[in-house]
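One structure below.
In what follows, every chain begins at residue 1, and chains take the letters A, B, ... in the order their sequences are listed.
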2 protein chains.
Amino acid sequence: MKKETRHRATIIDVAKRAGVSKSTVARVLGGSPNISEEAAERVHAAVSATGYEPNHLAVGMRSGRSGLLGLVIPDIANPFWADVARGAQDQAAKEGMSLLVFSSDWDSAKEAAHLRALRQARVDGAIINPVADNLDGLDRFGMPFVLIGSSAESFPDTSSVGSDIAQGVRLGMDVLLAHGHAQPAFILGPKSKLARARFLRAINQHCIERDIDPASLHTEDSDYTVEGGKEAMSRLLERASKGRHLAVFCANDLMALGAILAVRDAGLRCPEDVSILGFDGIPSGAFSWPALTTIEKDGRKIGSTTVTCLFDEMAGRPEHGRVYIPCRLIERGSLANLLAGNTDRLAAGR
Amino acid sequence: MKKETRHRATIIDVAKRAGVSKSTVARVLGGSPNISEEAAERVHAAVSATGYEPNHLAVGMRSGRSGLLGLVIPDIANPFWADVARGAQDQAAKEGMSLLVFSSDWDSAKEAAHLRALRQARVDGAIINPVADNLDGLDRFGMPFVLIGSSAESFPDTSSVGSDIAQGVRLGMDVLLAHGHAQPAFILGPKSKLARARFLRAINQHCIERDIDPASLHTEDSDYTVEGGKEAMSRLLERASKGRHLAVFCANDLMALGAILAVRDAGLRCPEDVSILGFDGIPSGAFSWPALTTIEKDGRKIGSTTVTCLFDEMAGRPEHGRVYIPCRLIERGSLANLLAGNTDRLAAGR
DNA sequence: ATGAAAGCGCTAACAA
DNA sequence: TTGTTAGCGCTTTCAT
């Protein structure tokens with residue numbers, strides 16, 4: 001009777017069955033050049049007969065590379081990061097790597113724990129979108145990593161990938177202008193966030209190029225939620241001159257969706273009375289009424305690009321730069337065209 | 001000069017520094033009972049001095065447990081599975097395990113590849129939501145696993161976790177009835193899917209309990225998309241008697257959202273002219289107009305429960321049963337109350 | 001209470 | 001072209 005093995009087949013089992021040595025098996029499987037036809041055949045036969053699958057733990061241990069990549073994001077249930085995760089996972093799979101995914105739930109303590117788990121799992125590299133704008137201890141993280149998000153600005157010596165906010169804002173300003181909204185108001189994120197500064201900087205730069213005085217722009221601060229957008233819009237509506245069309249550029253879609261709600265609550269219509277432009281491209285924007293015109297961040301592309309960058313980093317050719325993924329305009333129904341033939345709307349706007 | 005080590009600290013480094021043997025370090029870290037105060041202290045000091053972190057690959061190799069769990073789902077960017085992933089990741093982290101996440105993108109070939117990756121990574125267990133309703137080769141998968149989704153019916157010998165569809169449907173039928181819609185129409189998924197049969201079975205059972213003839217119910221088949229829902233609703237609208245209130249129960253939120261669009265396109269109003277009830281609880285339902293009343297599946301709970309079940313499975317006490325997670329009703333604005341004081345609506349309904 | 005030593009499955013350097 | 005051997009870092013007997 002054969003050895004009663006409930007265990008998985010190892011390379012030794014294969015070797016025995018094929019009547020060769022471990023190394024020969026390893027060589028065949030690794031695609032070494034100098035192998036006899038016969039040996040290769042016998043090995044392959046033995047592999048399928050035993051159902052052998054290499055043990056990545058052992059491989060990793062010996063080679064020093066675990067074949068694992070780590071992804072740490074604030075919230076996997078947020079559609080943007082879910083997209084990032086999908087892009088990253090896809091690219092990782094293409095490179096033959098598996099992805100360890102951690103959602104820190106906006107909790108720095110959890111984040112730290114996840115980073116520790118990554119180190120202990122000996123991942124070959126990590127992709128991190130820190131919860132806070134700065135994450136100390138990252139400099140001695142001890143392995144290659146790439147950053148996502150605005151936090152990257154705090155780590156100039158690290159590669160990072162993110163949306164091209166400046167280009168996205170320009171896209172937004174242009175479509176606004178093309179619809180006759182030369183001086184939109186803005187609903188921005190909280191002052192404490194780096195992302196807000198980045199958005200604002202892009203607006204200012206665009207204004208300078210267009211010879212508009214940035215100081216003449218109305219801005220409201222809020223937090224990045226539906227409620228926040230609703231409140232900010234209400235404030236905007238109070239201050240706005242009656243009968244004049246109002247255009248609002250929101251720094252995120254959730255706030256834009258809240259803004260639409262506020263417009264409806266005020267007895268006004270979107271886009272007839274107020275135009276709203278979002279930023280993010282979350283799926284829900286497609287189902288609001290009106291459907292939200294917005295600037296879409298390409299989360300999936302960000303995810304895949306991050307993995308590519310990480311490979312550069314791992315290969316020891318660190319670019320130490322930021323890669324900007326362009327945003328895309330999604331035109332739906334929340335923008336009125338003040339320049340169209342419709343004289344009523346033109347009259348309302350002027 | 002000390003050894004110039006660019007490598008990570010190993011248990012030997014710690015042992016040397018603490019002036020003890022490997023085994024003592026392992027014992028201290030493993031929490032063995034018989035350890036001298038002094039040894040423990042020295043070890044802990046050495047650990048923090050060297051920044052030692054256990055190598056999970058080595059641990060896994062030795063102990064036979066990698067500390068890894070696998071999750072394979074059709075689409076991580078779908079909010080339901082993103083929620084599942086979050087719940088699973090959370091629970092896994094609590095148990096000190098890391099989660100390998102794979103999105104098969106509805107592609108059986110990718111799915112198979114991911115399953116192989118799991119085996120090679122020597123995960124301690126896997127959670128799988130198969131792309132197809134049946135996945136062959138799963139019986140000799142070679143490691144503990146738990147299933148998610150309707151496919152579980154094809155594997156009676158496997159533990160599985162899923163939403164309590166029957167209870168959810170009952171919830172929906174009850175709220176419909178409470179609003180005066182005794183005989184709603186249905187938009188169901190494609191005939192090829194097991195999920196459709198399960199939904200239909202629940203409806204029939206409910207009808208029998210309520211003494212309604214199931215044959216009297218209008219049903220439309222479609223696929224689980226916005227477009228599909230839109231088309232099915234158009235068909236329903238054509239057949240409906242004018243002036244009579246129509247209530248429709250959709251088997252998924254995407255279709256329900258499409259149905260709302262179709263109602264608007266037909267120049268009708270929701271909920272005044274037609275009531276729509278969804279099923280899933282996707283975030284977008286909160287932003288449609290009207291906001292969608294729906295039955296919410298608890299993806300997060302499903303994810304965490306799956307991990308718990310998996311642990312049972314791994315511990316060798318297989319329950320081999322299906323766990324049903326209850327659904328929850330989210331009342332928003334897509335249901336008209338035909339029984340309310342409003343006589344206009346009552347008149348419209350009768 | 002502690003140390004020595006074996007070995008998990010694999011790769012790579014060295015022999016043959 | 002192939003086989004032998006020495007570890008990778010850790011846990012776990014078995015001695016002491």
Hey, can you pull the donor-acceptor pairs under 3.5 Å for the side chains in residues 77-85 of chain A, sequence neighbours left out?
unit_1  : atom_1 : unit_2   : atom_2 : d
A/Asn78 : OD1    : A/Phe80  : N      : 2.7
A/Trp81 : NE1    : A/Asn129 : OD1    : 3.0

Could you go through residues 25-43 of chain B and list every donor-acceptor pair under 3.5 Å that involves a side-chain atom there, pairing it with any protein atom two or more places apart or in another chain?
unit_1  : atom_1 : unit_2  : atom_2 : d
B/Ser36 : OG     : B/Ala39 : N      : 3.2
B/Arg42 : NE     : B/Ala18 : O      : 2.8
B/Arg42 : NH2    : B/Ala18 : O      : 2.9

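Using a 4.0 Å heavy-atom cutoff across all strands shown, A/Ser36 reaches sugar-phosphate atoms only and no base atom. Using a 4.0 Å heavy-atom criterion, one finds that A/Leu57 contacts no nucleic acid atom at all.
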Exercise for review: Run the numbers on A/Glu313 and A/Ser159 for side chain to side chain donor-acceptor pair (under 3.5 Å), then give the verdict.
Suggested key: CA-CA 8 Å; A/Glu313 207 79 13; A/Ser159 288; 3.0 Å; yes
Practice item. In sequence, state the C-alpha distance, the side-chain angles, and the governing distance for A/Ser21 and A/Thr24, and then conclude on side chain to side chain donor-acceptor pair (under 3.5 Å). Key: CA-CA 5 Å; A/Ser21 74; A/Thr24 304; 3.3 Å; yes
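The nucleotide whose nearest atom lies closest to any side-chain atom of A/Ala58 is, among D/dT11, C/dG9, D/dG3, C/dG9. Checked against C/dG3, C/dA1, D/dG3, the side chain of B/Thr24 finds its nearest nucleotide in C/dG3. Distances from the side chain of A/Val20 to the nucleotides C/dT11, D/dT13, D/dG3 place D/dG3 closest. When distances are taken from the side chain of B/Arg62 to each of D/dT5, D/dG9, C/dC10, the shortest belongs to D/dG9. Comparing C/dA1, C/dA5, C/dC10 against the side chain of B/Lys22 picks out C/dA5 as the nearest.
Proximity of A/Thr10 to the phosphate of C/dG9: no side-chain N or O atom is located under 4.0 Å from OP1 or OP2.
Contact of B/Ser23 with C/dA4 (side chain to base): a donor-acceptor pair of N or O atoms is detected under 3.5 Å. The base of D/dG9 does not come close enough to the side chain of B/Arg8 for any donor and acceptor atom to sit less than 3.5 Å apart.
Across its full length, the helix from C/dA1-D/dT16 to C/dA16-D/dT1 shows an angle of 40° between the axes of its 5 terminal pairs at either end, rounded to 10 degrees.
Results of the side chain to side chain contact (heavy atoms under 4.5 Å, CB included) test with A/Phe145 over A/Thr158, A/Ile127, A/Thr306 single out A/Thr158 as the only residue that passes.
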